[in-house]
Amino acid sequence: MLKIKNLSFSYQKTPVLKAISFEVKQGENLAVIGESGSGKSTLLNLIYGEFDLINGQIFWKETEILGPKYNLVIGYDFMKYVSQEFDLMPFITVAENIGKHLSNFFPEEKKARTTELLEVVELSEFADIKVKTLSGGQKQRVALARAIAREPEIILLDEPFSHIDNFQKQSLRRRVFKYLKDNNITCIVATHDREDVLGFADRMIVLNNHQIAVNDSPEVLYNNPKTPLIASFFGEFNVIKNKIIYAHQIKLTEKSNLKATVIQSYFKGHYFLIEANLEAEKVFFQHHSTLEKNQTIYLKITA
Ligand code: ADP
Ligand code: MG
């Protein structure tokens with residue numbers, strides 16, 4: 001398993017990460033979330049051995065991960081990292097990029113494995129296309145396939161689906177995360193997209209103020225978001241009398257002590273998000289239809 005003990009790091013003087021400790025079991029999927037600039041990519045880089053730690057230790061099983069000061073070559077065979085830049089070889093084909101690290105001694109096996117990987121990332125039709133002509137999303141798929149080609153024990157994914165369009169994201173996510181689970185590959189995914197987390201992550205850590213704010217299962221954090229930052233990850237929410245109330249936990253009612261005035265209705269697909277004024281505060285809730293502007297309404301909290 002991965003063990004991170006009391007890790008601290010800064011690029012210059014200001015600390016980026018302070019006293020970070022957590023563990024990830026073999027085969028577990030851990031999501032690292034946090035606002036832009038909170039240190040998600042830095043944390044993945046450190047786990048990969050890209051930089052020297054200022055303080056702390058990182059272990060994968062018995063192996064201590066060390067930075068460039070102690071290692072001539074960055075990276076370990078058991079670990080793969082798909083960073084936000086993909087580092088592909090532009091002038092060779094998709095299949096050649098994916099097969100780059102597969103042995104040439106067994107051409108049949110190499111071909112079968114490449115075919116399997118192309119299916120995982122849904123790129124079979126593009127096998128013989130040169131990478132330089134691909135879109136950003138397609139390149140991201142090639143990078144994913146190449147990273148899992150030799151079955152690492154642990155994979156680090158930095159916003160792995162950020163370049164993939166919404167038409168293909170859902171099915172690709174399911175395929176990739178299922179592949180990693182089925183093969184017992186430990187996965188750490190840095191993301192700000194809740195869709196990358198819900199249904200896939202066993203646990204999530206939230207980075208805030210250079211530290212780990214919480215480390216728990218998505219279910220526990222969703223059901224009991226301790227701070228607005230955590231709630232905001234899961235969706236639209238309100239703070240009413242110091243309690244965090246999600247937009248879907250507020251309903252219209254006949255009469256109540258929560259009297260509000262409608263400001264606007266936003267179409268959201270299977271519901272409308274209604275923005276209203278509740279005394280001096282803004283309140284957001286879900287409703288099945290639009291509501292008329294300036295209409296007086298009464299609300300109840302159902303949670
Ligand atoms: P995230 O991935 O959560 O958006 P990063 O890990 O990229 O956050 O960045 C964390 C902080 O470190 C930011 O303030 C960023 O500006 C800074 N930073 C990131 N990379 C470097 C670098 N190579 N040199 C100096 N500062 C950096
Ligand atoms: Mg980042």
Side-chain angles (χ1 to χ4, degrees), residues 2 4-22 24 29-58 65-71 73-75 79-88 136-137 139-144 146-147 154-165 169 172-173 176-177 180 186-198 200-201 203-216 218 221 225-234:
L2 183 77
I4 303 208
K5 295 187 201 168
N6 201 26
L7 171 161
S8 294
F9 180 78
S10 59
Y11 291 100
Q12 279 110 26
K13 287 209 180 69
T14 42
V16 175
L17 296 168
K18 282 199 294 202
I20 302 284
S21 298
F22 65 92
V24 192
N29 177 323
L30 174 84
V32 177
I33 71 153
E35 293 171 308
S36 189
S38 60
K40 303 183 294 295
S41 299
T42 302
L43 180 60
L44 294 193
N45 275 308
L46 291 169
I47 297 172
Y48 193 62
E50 195 86 40
F51 306 123
D52 294 302
L53 301 179
I54 287 170
N55 193 33
Q57 284 180 302
I58 302 173
I65 311 289
L66 297 167
K69 215 192 272 176
Y70 308 90
N71 263 338
V73 182
I74 290 168
M79 175 150 49
K80 282 281 174 282
Y81 179 21
V82 184
S83 72
Q84 284 173 296
E85 303 96 44
F86 317 127
D87 289 331
L88 299 172
K139 284 183 188 150
Q140 197 161 30
R141 289 158 189 261
V142 178
L144 279 166
R146 195 186 50 179
I154 170 166
I155 191 167
L156 312 173
L157 303 175
D158 201 349
E159 314 221 359
F161 309 110
S162 57
H163 294 261
I164 315 239
D165 59 62
K169 231 181 218 176
L172 183 68
R173 262 196 204 104
V176 169
F177 286 134
L180 298 177
T186 305
C187 167
I188 304 186
V189 51
T191 184
H192 52 244
D193 186 346
R194 66 171 164 265
E195 299 286 330
D196 289 345
V197 176
L198 298 179
F200 303 115
R203 272 180 318 115
M204 55 188 259
I205 62 179
V206 179
L207 293 179
N208 187 225
N209 273 330
H210 321 294
Q211 288 175 311
I212 294 183
V214 282
N215 174 354
D216 219 320
L221 295 177
K226 293 234 158 56
T227 64
L229 177 76
I230 299 167
S232 68
F233 181 72
F234 293 112

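Numbering of ligands and ligand atoms starts at 1, following listing order. Keep in mind that the numbers below use all heavy atoms, side chains included, and drop hydrogens, waters and symmetry copies.
Counting the atoms of ligand 1 from 1 in the order shown, those under 4.0 Å from a heavy atom of Glu35 are 3 (O). Taking every heavy atom of Thr42 and a limit of under 4.0 angstrom, the matching atoms of ligand 1 come to 5 (P), 6 (O), 9 (O), 10 (C).
When atom types are taken as modelled, the side chain of Asn209 and the backbone of Gln211 share no donor-acceptor pair closer than 3.5 angstrom. Not a single donor-acceptor pair under 3.5 Å links the side chain of Ser38 to the backbone N or O of Asn208. Judged by distance alone, the side chain of Lys40 and the main-chain N or O of Glu35 form a donor-acceptor pair under 3.5 Å. Put simply, the side chain of Gln57 never gets that close to the backbone of Asn6: no donor and acceptor are under 3.5 Å apart. Counting only distance, with no hydrogens or angles, the side chain of Asn45 and the backbone of Glu50 share no donor-acceptor pair below 3.5 Å. In this structure, Arg141 contributes its side chain and Ile164 its backbone to no donor-acceptor pair below 3.5 Å. Distance alone, capped at 3.5 Å, is enough to place a donor-acceptor pair between the His210 side chain and the Pro15 backbone.
Looking only at protein heavy atoms, the nearest one to atom 4 (O) of ligand 1 is Gly37 N, 2.7 Å. For atom 8 (O) of ligand 1, the closest non-hydrogen atom of the protein is Gly39 N, 3.2 Å. Atom 7 (O) of ligand 1 has its closest protein heavy atom at Ser41 CB, 3.8 Å. Tyr11 CE2, 3.6 Å is the protein heavy atom nearest to atom 23 (N) of ligand 1.
At least one N or O atom of Ser38 sits closer than 3.5 Å to an N or O atom of ligand 1. An N or O contact shorter than 3.5 Å links Lys40 to ligand 1 by distance.
Within the 4.0 angstrom cut-off, atom 11 (C) of ligand 1 has one or more protein heavy-atom neighbours. Protein heavy atoms come within 4.0 Å of atom 2 (O) of ligand 1.
Between Asp216 and Lys226 there is no salt bridge, since none of the side-chain N atoms of the basic residue sits less than 4.0 Å from a carboxylate O of the acidic one.
The distance from the Mg ion (ligand 2) to the nearest N/O/S atom of Ser36 is not under 2.8 Å.
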